[in-house]
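Here's the structure we're looking at; comments come further down.
It should be emphasised that the depicted structure is a prediction, and the values quoted were computed from it without experimental measurement. Chain letters run A, B, ... following the sequence lines, proteins first and then strands; every chain starts at 1.
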There are 4 protein chains.
Amino acid sequence: MLPVTEPAGRRVRTAALELFAERGFHGTGIRDLAQRAGVSTATLYHYMGTKEDLLAEIMRDSMRLLLRAASPTGTGGTPTERIARLTRIHVLAHAARPLHTRVADDELRALSPGSRAEITALRDEYERFWQSAIDDGVSTGEFRVQAPGVARLALLEMCSGVARWYRPDGPLTAGELAARYVEMALGLLTVDGIRLEPDPGAVGDMDRLVAELWPPS
Amino acid sequence: MLPVTEPAGRRVRTAALELFAERGFHGTGIRDLAQRAGVSTATLYHYMGTKEDLLAEIMRDSMRLLLRAASPTGTGGTPTERIARLTRIHVLAHAARPLHTRVADDELRALSPGSRAEITALRDEYERFWQSAIDDGVSTGEFRVQAPGVARLALLEMCSGVARWYRPDGPLTAGELAARYVEMALGLLTVDGIRLEPDPGAVGDMDRLVAELWPPS
Amino acid sequence: MLPVTEPAGRRVRTAALELFAERGFHGTGIRDLAQRAGVSTATLYHYMGTKEDLLAEIMRDSMRLLLRAASPTGTGGTPTERIARLTRIHVLAHAARPLHTRVADDELRALSPGSRAEITALRDEYERFWQSAIDDGVSTGEFRVQAPGVARLALLEMCSGVARWYRPDGPLTAGELAARYVEMALGLLTVDGIRLEPDPGAVGDMDRLVAELWPPS
Amino acid sequence: MLPVTEPAGRRVRTAALELFAERGFHGTGIRDLAQRAGVSTATLYHYMGTKEDLLAEIMRDSMRLLLRAASPTGTGGTPTERIARLTRIHVLAHAARPLHTRVADDELRALSPGSRAEITALRDEYERFWQSAIDDGVSTGEFRVQAPGVARLALLEMCSGVARWYRPDGPLTAGELAARYVEMALGLLTVDGIRLEPDPGAVGDMDRLVAELWPPS
DNA sequence: CATGAATGAGTATTCATTCAT
DNA sequence: AATGAATGAATACTCATTCAT
């Protein structure tokens, strides 16, 4: 149960955040919320609309904050600098607010169509900062990726994963972690001449195995 | 409703796979399963144990298949070759079997402790192939990453994301997609001399913004 | 929401009257009442006892008023005159105060036994004016009905119906409407020589149909 | 609790019929229904859709039956004969099936718009038989009422009231009761020359009283 | 092989009401 | 005079599951 020193309305929000992140929206009952917040289920409804409103609120807050952080960051400087800053922000956000970001990343499908559209729009806006930085970098030649759209998706997935496992009491500070991700992101985007000379035999074997295990439908 | 030409037992599995992937385990009711499979809820129980057994089965199958594909692949050759093959396999699997892999990636928390331990063990075994390839590459100098454990997590998240968005009728075949991911993975692992000389001022600003938006609790 | 110029206590009464008439007692929640009255649910309880008290109050007022109107009216003059006056009053009351009378007519069953007894006593007292006028008319020969008790019930139901459909902006004024009801009431009570010679065959057919549709259980 | 010899599905219907008639739709909880039917609330839903479906079903059945009875009855013969037959049927139906008819008469407002429209259409169709018989009688001179529409409403209200109080073990059989209503209905429709010469003074007094008690808003 | 019948426990949400301020 | 906070009990309805047939 959350500390009773906090006002009840805030405790309800915190309970929702923690439980939605931990068990998912559908895996969290309102009784769970009430118990964690230290109020009765009836009192819950004094502080919230529906359970889904609570979810939408969390996701909206999460996306707006990320967007607010990305806006000044995603625009100035070279593509390399922009990607570096976006990555840094994204990782720091996911390390500092893993609950918010996990809920935002995982529970889109639990929203009703109306809220889903709203949140998706925010996310799309956010992703545009990434895409344009990548595209610009490809134009200037700073980045060498063959499929810029795929690169964006790969980068975002990779960075968002942080929220799933990062612990501040681990070996890396959030800042160090972000630095590592910046390096990896830039490495990923600058695929160098030193390319894999794929052993055709091995690849052939592997593809045969894949085809056998997951026949093309 | 699924085609009635399939035997009912298989239709139940397919229904579970589709619905768990689409709505999540907790978001799927057994009535949904029964309807999609075209049988009554009572009949469902002729073909399955509990709803959770169905989930555990899917996850087990998914992980075992991946493991079976990774075993011969993860061992021979240079670290670079091994990572290339693992990436290729992982991406092909996620492109070819997005439902299985999404369920396996997302629904671990829905399992009861017993099954969770079993699946986690399989996943850990699988990830060891990646980790040892990365570590070996760092030893040989083929890879230059500062935090090999983080690199593993980043790589896996990035590649698994494929199951969330890849469509076989899009611009890339699964093979081309895998090739792009291999390039990006190797790029990510070989962070080259061309390093970002971070504008300290800008980073300072950004960190101040981040600290403001997500105060360290 | 009701006009805020009215004092709150009155607005609560009006809200209750309107909503109980429109949706019934059980179909009306106290949140509905509060919203319509423009106050919070807590404030509601400054102006009322329980929700049921509010209902009992309305019904008591309604019946007392009707009784007060009927008292001087139900006694003097010939039975014909008395029925004419009672009918006139009853119809005017139901046309002028449809909400009160509808609630009084429909929501007896929603009252707790205590209040129900009280209101029923008032209603019985009121109906006695009607019954005695009818009985007297039968004695004097002014009325020719075979079942005076049934006639009372029929008359009252027929006149009370006015509250369900009369609109003052329709083709008839309340006075004209009352005049029509007086005529019909007196016609109903004076069943003349011109009697139906029922075609026995037709009646037989009909009774057979009725027996088939609604078997005597 | 209803006899367990009946099949459960039927017991649910009977319970709904009785309780909706007795306490109204909103006054009846599904626990009440379950208890009366002798099943659990969950089992209830094996035999019904929603609570409202149950209500709509009852009303539909009730109106359809009445309509089926009225169809052959409302058409042949003189207006007097038609009204006599309609009245007879209506009264017999309300005496034989008081629960059905009370629910149908009282709970229209509890229906959702969709079902309400459907039931209202049936009721309007039924009332047209009455209206056309009345109108035809006015044309032929058999009936002398000043406001035929009002007469229809008055007749229907008066006859429907039967369902509220008639008991088969009382002094009148249903057939006798119907006969009395036929007489009253025809009397009501044939308002004779011998009309009330209203004592103007008395009427004036009364109207003054009415105006005082129920001021015209 | 398949299902209709049945349920205890649970779902999210609302109920009328109280009370301290 | 008015309300925000709080709640136990109820609301209609669904859950996953069992079992006799």
Side-chain angles (χ1 to χ4, degrees), chain A residues 7-9 11-12 25-34 37-55, chain B residues 7-9 11-12 16 25-34 37-55, chain C residues 4 7-9 11-12 16 25-34 37-55, chain D residues 7-9 11-12 25-34 37-55 110:
Chain A
R11 260 155 43 216
V12 168
F25 179 75
H26 288 305
T28 303
I30 55 145
R31 289 143 130 95
D32 301 326
L33 288 173
V39 297
S40 71
T41 61
T43 299
L44 222 49
Y45 284 85
H46 198 67
Y47 295 101
M48 62 182 235
T50 65
K51 188 184 147 194
E52 205 212 305
D53 289 343
L54 221 41
L55 174 61
Chain B
R11 265 164 28 224
V12 169
F25 179 75
H26 288 305
T28 302
I30 56 149
R31 289 139 130 93
D32 301 325
L33 289 174
V39 297
S40 71
T41 59
T43 300
L44 224 47
Y45 284 85
H46 257 274
Y47 297 101
M48 61 183 235
T50 67
K51 188 184 147 194
E52 206 212 305
D53 290 342
L54 218 42
L55 174 62
Chain C
V4 196
R11 262 158 38 218
V12 169
F25 179 75
H26 288 305
T28 302
I30 57 149
R31 287 143 130 91
D32 301 325
L33 288 173
V39 296
S40 72
T41 59
T43 300
L44 223 46
Y45 283 85
H46 256 274
Y47 297 101
M48 61 181 234
T50 66
K51 189 182 146 195
E52 205 212 307
D53 290 343
L54 218 42
L55 174 62
Chain D
R11 263 156 41 217
V12 168
F25 179 75
H26 287 305
T28 302
I30 56 146
R31 288 142 130 96
D32 301 325
L33 288 173
V39 296
S40 71
T41 61
T43 299
L44 221 47
Y45 283 85
H46 198 66
Y47 294 101
M48 62 182 235
T50 65
K51 189 183 145 193
E52 205 211 306
D53 289 343
L54 221 40
L55 174 61

* To do: Kindly compute the distance separating CD1 (A:Ile30) from OG1 (A:Thr50), expressed to the nearest 0.5 Å.
  => 11.0 Å
* **Partner residues of B:Thr28 under the side chain to side chain donor-acceptor pair (under 3.5 Å) criterion, sequence neighbours left out** => none
* **Min side-chain heavy-atom separation D:Val12-D:Leu44 under 4.5 Å** => yes
* Between A:Leu33 (CG) and E:dG10 (P), how many Å, whole number? -> 16 Å
* To do: Report, as a single string ordered 5' to 3', how protein heavy atoms within less than 4.0 Å touch nucleotides 12-18 of chain E: B base, S sugar-phosphate only, - not at all.
  => BBBBBBB
* Structure fact -> Correct closest heavy-atom pair for B:Ala34 and B:Ser40 would be CB-C, 3.9 Å
* To do: Find the distance between CD (A:Glu52) and CG (A:Leu54) and round it off to the nearest 0.5 Å.
  => 10.5 Å
* If you write DNA chain F from 5' to 3' in dot-bracket form, with Watson-Crick or G-U pairs under 3.5 Å, [ ] for crossing pairs and | for pairs with another strand, what do you get? -> .||||||||||||||||||||
* Asked: Can you list the residues that meet the side chain to side chain contact (heavy atoms under 4.5 Å, CB included) rule with D:Ala110, with sequence neighbours excluded?
  -> D:Phe25, D:His26, D:Leu55, D:Glu107
* Structure fact -> Note: C:Asp32 and C:Gly29 closest approach over all heavy atoms is OD2-N, 2.8 Å
* Determine: side-chain N/O of B:Ser40 to OP1/OP2 of E:dA2, distance under 4.0 Å, yes or no. => no
* Structure fact -> Nearest heavy-atom approach of B:Tyr47 to B:Gly9 is CD2-CA, 3.3 Å
* Asked: For B:His46 and E:dC1, what is the distance between atoms NE2 and P respectively, to the nearest whole Å?
  -> 8 Å
* Could you pick out which residue, C:Thr43 or A:Val39, lies toward the 5' side of DNA chain F when each is mapped onto its nearest nucleotide? => C:Thr43
